[in-house]
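Below, chain A is the first sequence line, B the second, and so on; all start at residue 1.
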Amino acid sequence: MLDNKYDYKSKEKKWQEFWQENNIYKFNENCNKPVFSIDTPPPTVNGKIHIGHIFSYSQAEFIARFKRMTGHNVFYPFGFDDNGLPTELLVEKEKNIKAYSVTREEFRKMCLETVDKYEKEFKDLFISMGSSADWDLMYHTVSDSCQRTSQLSFIDLYKKNKVYYANAPALWCTKCHTAIAQSELESEEKASTFNYLKFFIENSDDYVQIATTRPELLCACDCIFINPKDTKNKHLLGKKVRVPLYDFYVPVLEDDKVEMDKGTGVVMCCTFGDQTDTQWFKKYNLELKIAIDDYGYMTDIAGKYKGLKTKEARSQIIEDLKFQNLLIRQDNITHQVSVHERCGTEMEIKLKKQWFIKTLENKQIWLDLGNQIDWHPSFMKSRYVDWVQNLMMDWCISRQKYFGVPFPVWYCKDCGEIIVADESILPVNPLTTSPNHPCPKCGGTNFEPEKDILDTWATSSVTPQINTRWNVSNDFYDKMMPMSLRPNAHDIIRTWDFYTIVKSHYHSKLIPWKNVMISGFVMASPKEKLSKRKGNAKLDPETLISTYSADVIRYWAATGSLGRDIVFNEEKFKIGSRLINKLYNASKFVWLFIQDYTPNKNTKLLNIDKWIISKFSSMQEKYIKYFENYEVGLAMSELESFFWNFCDNYIELIKMRLYNPDLFGNDAKQSGQYTIFYVLLEMLKMFSIYFPHITEEIYQNTYKKILGTISIHKSEFDKLPILEDKALIALGDEVCDIVSRVRGYKTDNKISLKTKLTNIVISSQNIDFIKSCETDIKNATCAEKIEYKLADSTNVEILGIAQED
RNA sequence: GGGAGCAUAGCUCAGUUGGUUAGAGCACUUGCCUUACAAGCAAGGGGUCAUAGGUUCGAGUCCUAUUGUUCCCACCA
């Protein structure tokens, strides 16, 4: 029997342990049910799990449970992304050190300790949320097996000529001192000044005005450009101009990339101020002049400004320009600046040897592959399409960092040949291991190891390959690819989704998954993201779980529409708590009447019982349809409103029949018993997706002894015998309307609902059906006598009220 | 500058391919301890569906424009 009150604090933990011990969610490799596989996002180990993670992961978890309940063999692994820059930054902060201040090995040890600690916390948290992931399938990206897969992926691309090593302009973060990829940039609005400078024309007292926000790059100026259509400045072509302060001369060239209405219509080209500069650098074979070093300080060519930070140099240069009367005017502006997403530092461009994966040459393929995947919601595909269309650079995967997957690469010291490791020795760290053969080109045996590590996305982009055992068990890989579903939030479409599509195509010419499910963000207020920096992320999951229970948090995670951001609102937790409480009480009530009941499928049903079953079937159909479109929230609200109707109308109508079979007959009782038995059972299964704990508690103490299945989470949805019947639904709804009118009469007249009515008259078009429910109507309204009138519209007249005692 | 989402009751949101009088929950008002549940039940008030046109017998729903708002991308001369 069920306890009088549900104590979530003890019960949730109890059932979590029960599921683990009994392998309730374990993937069964030898099962002929259709497989549904989920490429779960491995959370980045860079801090605590916040409520936004819980929101997003819960939505995917609902899908896993739904698929199990609808006959699928669910493959639901979980992983952690614990290598690369984000983890390094966490460790540096937590240990209060800099990675370069200790040896690589020491640092690596600290990283491993830290990620171990965090991963344990992460896993416990997801378990305490009732996650149904199969923890036997857990992976973490810094493990040997993941490193092997990641290095194999690199080698496969190398052999297929999809990755190249080149001295090419790459985005550079001076704070993290590493190359980064385009996808790691963020825009930030910054205040700046537009400085109008005098560039004197050679052998002339005349000058040309050039506006720039970055005067500190004057020393790296190669030339100035005008637009070929610019008649006003045409006369400058072929001449040279003097760079202010530095007094060297640069040529005037023309290029149609110059926008005549921007600034003065004349632009200086430096190596490198922006992306356009890199294009001109290549196109006109300009000289490389490096003004800023790897750490963001001015170099030798900056002359007296050498050693200053770029911003300090800028303000001093502006002062000097003013002093020398070379500054015409300054306009204050705000503009969007690209910064590194991890640290907010303004991006620079550096020319260095780096490894790149080819993405630009296959834009059309990426778009075609995007079209082969179903995006939920569909409009989120446009984020992917926009990203692919706007790609400017190949994917730079070299990181000048310490903790991550090493490149399986050496360079021959004698001839410079690139040596890629044999697959047999993977995973390999080239810093500690040498190639197992001499240089194939010159036979040399002296090697320079590649010190850089791979971009963390280079590894996380092979999670489908990790999950489906690519090059470990190729049978399994062939069977499981493409995976069924990739769930993630919209911020990583351009990274995780895009890169994974690129890799799967290059490796196997496959899309990685058939569906992508995109969840929204949790906002602190309509305009404010939850963020640790702003201190509004104090709603930590552990506190919420102990205050409200995991089931209630899951309820909250199910509110809202797929893909849309939601504003954190504690009201939802209260509503969820009420719903769960009601579900428990309703189950207790139902089981007052079915504990000694043996289900009999041949029970003859009364009309009102048929009505609620039909209404149930109609709701179930919508619920399933919503789930098939990944609309977990809309599915729940269908179920939720049906459930309240079931409690407040149906149970109220029939409860007297159940209490008093001596008055209303055993058949009437059995019809009710049959109905509540099956409708509650199916509702519990449907609720179990959102509330795995309380539904298990109810199931274990009630249905289990009859049905036998070890856990409610091992059951599947069943259809009830009466499918949706719109006419029947309308008739039953009319009965509810009649009862509601009588209740309204009592409320208006301020009398108790249990006050007896001596006589009421019901007008309706459907007298026959209503008469067939007379017993239930009398019980719900406390009417002693009912008269009927055939009429076009429904109405109830109250003719007599019994005197109260 | 390009793209996407959103705009429905005080608040949070439903509203399927156009089809009677636009729904729910919260909040609010009133009443009720009813043999599951007062963490409950019942009833009620509250909306020119952002604005302006258009298509249609009929528009919250479709089309066009506008406004507001959020997000993504580009813009760093």
*Let me have a per-nucleotide readout for nucleotides 21-29 of chain B, 5' to 3', with B, S or -, counting only protein heavy atoms under 4.0 Å.*
----SS---
_Whole-angstrom distance between rA4(B) and rA74(B), as gauged at atom C1'_ = 15 Å
*If you check the R743(A) side chain, which of rA43(B), rG5(B), rC32(B) turns out closest?*
rA43(B)
*Taking the same atom, C1', in rU56(B) and in rU70(B), what whole-Å distance lies between them?*
34 Å
_Mutual orientation of the aromatic rings belonging to F498(A) and W366(A) [parallel < 30°, tilted 30-60°, perpendicular > 60°]_ = perpendicular
*So what does D277(A) hit on the nucleic acid, given a heavy-atom distance under 4.0 Å: a base, only sugar-phosphate, or nothing?*
nothing
_Say we look at rG46(B) and rA9(B): how far apart would their C1' atoms be, to the nearest angstrom?_
6 Å
*Select from K257(A) and I651(A) the residue whose nearest nucleotide in RNA chain B is closer to the 5' end of that strand.*
I651(A)
*Any-strand Watson-Crick or G-U partner of rU64(B), both distances under 3.5 Å*: rA52(B)
*Name the pairing partner of rA14(B), where a pair is Watson-Crick or G-U wobble with both distances under 3.5 Å, or state none.*
none
*asked:* Judged by each residue's nearest nucleotide on RNA chain B, which is more toward the 5′ side, T276(A) or Y626(A)?
replied: Y626(A)
*Tell me what S192(A) touches on the nucleic acid: a base, only sugar-phosphate, or nothing, going by heavy atoms under 4.0 Å.*
nothing
*Should rA38(B) form a Watson-Crick or G-U wobble pair with both distances under 3.5 Å, which nucleotide is its partner?*
none
*State yes or no: are the ring centers of Y555(A) and Y690(A) separated by less than 6.0 Å?*
no
*Scan every strand shown for a Watson-Crick or G-U wobble partner of rA59(B), both distances under 3.5 Å, and answer none if you come up empty.*
none
*So what does S382(A) touch, heavy atoms closer than 4.0 Å: a base, only the sugar-phosphate, or nothing?*
sugar-phosphate
*Would you say K625(A) has more than 12 foreign heavy atoms packed within less than 6.0 Å of its NZ?*
no
*May I ask which nucleotide in the shown strands pairs with rA74(B), Watson-Crick or G-U wobble, both distances under 3.5 Å?*
none
*Side-chain (Y630(A)) to main-chain (P377(A)) donor-acceptor, under 3.5 angstrom*: no
*Determine the contact category for M347(A): base if any of its heavy atoms lies under 4.0 Å from a base atom, sugar-phosphate if only primed atoms, P, OP1 or OP2 are that close, otherwise nothing.*
base
*Any side-chain N or O of K750(A) less than 4.0 Å from the OP1 or OP2 oxygen of rA43(B)?*
no
*Span that lies between the C1' atom of rU21(B) and that of rG60(B), in whole angstrom*: 15 Å
_Base partner of rU21(B), which must satisfy Watson-Crick or wobble distances under 3.5 Å_ = none
*Round to the nearest Å and state the distance from W591(A) atom CH2 to rC37(B) atom C1'.*
19 Å
*asked:* Distance check, C1' atoms only: rU55(B) and rG15(B), in whole angstrom units.
replied: 22 Å
_Between F194(A) and Y196(A), is the ring centroid distance below 6.0 Å?_
yes
_Polar contact flag, side-chain donor to acceptor under 3.5 angstrom, N371(A)-K381(A)_ = yes
*asked:* Applying ring-ring contact (aromatic ring centres under 6.0 Å, His included) to F573(A) and F568(A), what does each step give before you reach the verdict?
replied: CA-CA 10 Å; F573(A) 292 81; F568(A) 185 85; 5.6 Å; yes
*asked:* Taking salt bridge (charged side-chain N to carboxylate O under 4.0 Å, His left out) as the cut-off, I'd like each qualifying pair that reaches into residues 578-593 of chain A, sequence neighbours left out, listed once.
replied: K582(A)-D648(A)
*Report which part of the nucleic acid A586(A) touches: base, sugar-phosphate, or nothing (heavy-atom distance under 4.0 Å, all strands).*
base
*asked:* Mind checking if E652(A) touches a base, just sugar-phosphate, or nothing, with heavy atoms under 4.0 Å?
replied: base
*V590(A) near the nucleic acid: base, sugar-phosphate alone, or nothing, with a heavy-atom cut-off under 4.0 Å?*
nothing
*Side-chain donor-acceptor pair under 3.5 Å between Y284(A) and D255(A), yes or no?*
yes
*Near RNA chain B, which residues from residues 642-650 of chain A have a heavy atom under 4.0 Å away?*
W644(A), C647(A), D648(A)
*Can the ring centroids of F593(A) and Y597(A) be said to lie less than 6.0 angstrom from one another?*
no
*K582(A) has a side chain; which of rA42(B), rG40(B), rG5(B) sits nearest to it?*
rG40(B)
*asked:* Regarding S740(A), tell me which of base, sugar-phosphate or nothing describes its non-hydrogen contacts under 4.0 Å with the strands shown.
replied: sugar-phosphate
*Looking for any heavy atom pair under 4.0 Å, which part of the strands does M636(A) touch: base, sugar-phosphate only, or nothing?*
nothing
*At under 4.0 Å between heavy atoms, what does K754(A) touch on the DNA or RNA strands: base, sugar-phosphate, or nothing?*
sugar-phosphate
*Is a donor on one side and an acceptor on the other found under 3.5 Å between the side chain of N660(A) and the backbone of R657(A)?*
no
*Counting only side-chain N and O atoms of Q182(A), is one of them less than 4.0 Å from OP1 or OP2 of rA74(B)?*
yes
*Have a look at K381(A) and say if it touches a base, only the backbone sugar-phosphate, or nothing, with a 4.0 Å heavy-atom cut-off.*
nothing
*Reckon E259(A) touches a base, only the sugar-phosphate, or nothing at all at heavy-atom distances under 4.0 Å?*
base
_F677(A)/Y703(A) aromatic ring centres below 6.0 Å_ = yes
